[in-house]
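Notes follow the structure.
On a predicted model such as this, the values are computed, not experimentally measured, just so you know. First listed ligand is number 1; within each ligand, the first listed atom is number 1.
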Amino acid sequence: MRINMFITVYGCVYLASHHLAYTLTSWSLRQNFKGHVAHVETRPAPRKGVAFDVLIKIDILREPLLNLLKSLRQGSAIASVNLLSEHHSSIKEAWFPKHISELDMCNHLMTKFEPDLDMDHPGFADKEYRARRKEIADIAFTYRYGDPIPRVAYQQEEIDTWGAVFKELERLIPTHACRQYREVWEILKRDCGYTPDQIPQLEDVSKFMKRRTGFTLRPAAGLLTARDFLASLAFRVFQCTQYIRHHSSPHHSPEPDAIHELLGHAPLLAEPAFAQFSQELGLASLGASDHEIEKFATMYWFTVEFGLCRESGDVRAWGAGLLSSFGELAHALSDKPSKKDFDPAITSVQPYQDQDYQDLYFIADTVEDAQEKFRRWTFQTMSRPYEVRYEPHSQSVQTLDSV
Ligand code: NLE
Ligand code: FE
């Protein structure tokens with residue numbers, strides 16, 4: 001099903017021209033992308049070498065949107081193009097992927113924290129770092145379903161950052177990580193090339209996960225919109241960044257990077273109960289309203305990213321955002337932050353910030369218990385007038401009318 005939606009695109013234009021605005025308002029937008037511009041704003045860019053920041057609202061269909069963004073990114077006058085937000089015209093008709101291959105249309109980026117845009121980003125003043133990020137992001141932009149994930153020849157500085165995080169985490173894992181994480185961690189070191197001296201390749205880790213739980217990785221250029229990110233989980237696909245955080249800040253990164261994905265997420269996605277929980281969150285998100293997506297994203301934040309659980313009278317971490325940040329992992333299990341029991345009705349509406357360590361965490365008894373509570377809560381609260389089933393043989397989802 002194709003539906004119209006409003007999107008907001010943010011572009012930075014190198015040349016003193018209205019190139020971006022021109023491309024969008026021109027005949028080609030209507031002809032090639034079947035969209036039209038609802039609003040354009042151009043401002044002088046605060047950055048050196050960039051002439052304008054351009055904000056554009058477009059009414060367009062989902063499929064051509066992807067091609068439009070791609071073609072804009074290829075324009076030589078354009079420094080960067082990002083999707084800021086999208087609003088579906090009607091929730092009844094919300095588009096969502098029905099087959100795993102349609103995740104090719106689910107890679108819309110959020111603009112938060114990118115070194116190109118955020119002055120507080122540790123890489124903002126580092127031109128070389130920004131160029132490197134762009135190079136690696138291109139892999140994700142050209143990736144298509146079924147492709148092997150291209151390998152990255154990591155540079156020594158990147159490997160050193162990985163190694164520093166690896167060694168610090170290894171000290172904390174025995175006392176801070178949950179049992180399931182500790183178990184898979186050992187297997188990753190034995191079978192999947194996890195050592196401080198080399199950054200594992202996404203393709204190899206993806207194969208490892210596939211054998212264990214059916215989860216696979218696909219490369220993502222950065223932080224995706226919650227709708228796109230959650231949708232991929234429904235197909236047991238994890239959208240995974242491939243660049244490495246800036247070397248000046250190994251202990252914590254505000255955005256995902258390959259260290260976060262490989263040390264934080266991969267071990268748990270390779271563990272059956274966690275994989276199941278992640279997929280169910282994804283399935284619940286398909287066709288959800290914007291408001292519900294917000295709740296699922298918050299739920300994801302406080303569980304898969306920053307969740308704590310109980311273990312033999314102790315509290316342990318199972319959130320990937322903790323297990324990839326030795327700074328926050330120690331903080332989370334100290335008595336500085338507050339802690340509450342996991343309860344979907346409360347957790348899903350708890351405000352949070354995503355720049356620094358959290359000051360509140362939720363503790364689940366076990367991941368199975370969190371899952372059971374989550375199931376009951378979605379069943380009671382979701383507005384979706386149909387059920388969604390995953391069909392593993394064809395890797396597709398089917399909708400079943402529940403009325
Ligand atoms: N804070 C995490 C880290 O430093 O690895 C990344 C969190 C991404 C949501
Ligand atoms: Fe994450």
Side-chain angles (χ1 to χ4, degrees), residues 107 109-115 118 120-123 133 140 158 161-170 172-173 176-177 181 185 194 199-200 202 205 209 215 217-226 228-233 237-271 274-275 277-279 281-282 285 296-308 317-333 337 352-362:
N107 58 4
L109 292 177
M110 306 264 287
T111 47
K112 277 184 184 171
F113 304 134
E114 293 206 13
D118 180 354
D120 293 330
H121 191 287
R133 283 280 293 257
E158 293 167 326
T161 306
W162 158 270
V165 180
F166 190 103
K167 286 183 199 151
E168 287 293 334
L169 283 173
E170 192 149 60
L172 294 175
I173 287 169
H176 287 59
Y181 182 95
W185 177 250
Y194 271 50
I199 303 173
L202 262 44
V205 178
M209 286 177 7
F215 251 95
L217 301 175
R218 66 172 286 155
L223 194 66
L224 299 184
T225 62
D228 280 1
F229 181 80
L230 293 171
S232 70
L233 296 178
V237 171
F238 188 82
Q239 305 252 16
C240 188
T241 55
Q242 212 168 2
Y243 54 82
I244 298 291
R245 66 190 59 185
H246 195 258
H247 61 84
S248 64
S249 179
H251 66 289
H252 177 264
S253 157
E255 58 174 351
D257 72 330
I259 295 182
H260 166 65
E261 323 285 25
L262 295 172
L263 298 182
H265 286 290
L268 292 172
L269 291 169
E271 206 286 326
F274 289 86
F277 181 73
S278 305
Q279 181 180 28
L281 243 170
S285 79
F296 290 135
T298 305
M299 184 73 89
Y300 178 87
W301 185 261
F302 283 113
T303 56
V304 179
E305 289 294 358
F306 292 100
L308 300 177
W318 65 283
L322 300 174
L323 292 161
S324 61
S325 161
F326 54 90
E328 185 159 3
L329 183 54
H331 160 85
L333 295 187
Y352 64 88
Q353 54 78 32
D354 44 16
Q355 317 244 348
D356 209 340
Y357 300 167
Q358 303 297 304
D359 49 24
L360 167 70
Y361 299 93
F362 285 93

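- Near Gly321, the atoms of ligand 1 lying under 4.0 angstrom from a non-hydrogen atom of the residue are 1 (N), 2 (C).
- For Ser324, a nitrogen or oxygen atom sits less than 3.5 Å from a nitrogen or oxygen atom of ligand 1, counting backbone and side chain alike.
- Between Arg245 and ligand 1, a contact under 3.5 Å exists for at least one N or O pair.
- Between NE2 of His260 and OE2 of Glu305, the angle at the Fe ion (ligand 2) works out to 130°, rounded to 10 degrees.
- Take Tyr361 and apply the ring-ring contact (aromatic ring centres under 6.0 Å, His included) test, not counting sequence neighbours, and it matches no residue.
- With ligand atoms numbered from 1 in the order given, ligand 1 contributes 1 (N), 4 (O) to contacts under 4.0 Å with heavy atoms of His252.
- The shortest heavy-atom distance from Pro256 to ligand 1 is under 4.0 Å.
- For the residue pair His251/Glu328, the side-chain donor-acceptor check at 3.5 Å is not satisfied.
- Partners of Leu360 according to the side chain to side chain contact (heavy atoms under 4.5 Å, CB included) rule, which considers only residues two or more places apart in sequence or in another chain, are Ser338, Lys340, Gln350, Phe362.
- Note: Leu230 CG to Tyr300 OH = 7.5 Å, rounded to the nearest 0.5 Å.
- A donor-acceptor pair is defined here as one N or O able to donate and one able to accept, closer than 3.5 Å; such a pair exists between the side chain of Ser232 and the backbone of Val237.
- The closest heavy-atom contact to atom 1 (N) of ligand 1, among the options Gly319, Pro250, Ser253, Ser325, comes from Ser253.
- Here the closest non-hydrogen pair linking Pro219 and Ala140 is O-CB, 3.5 Å.
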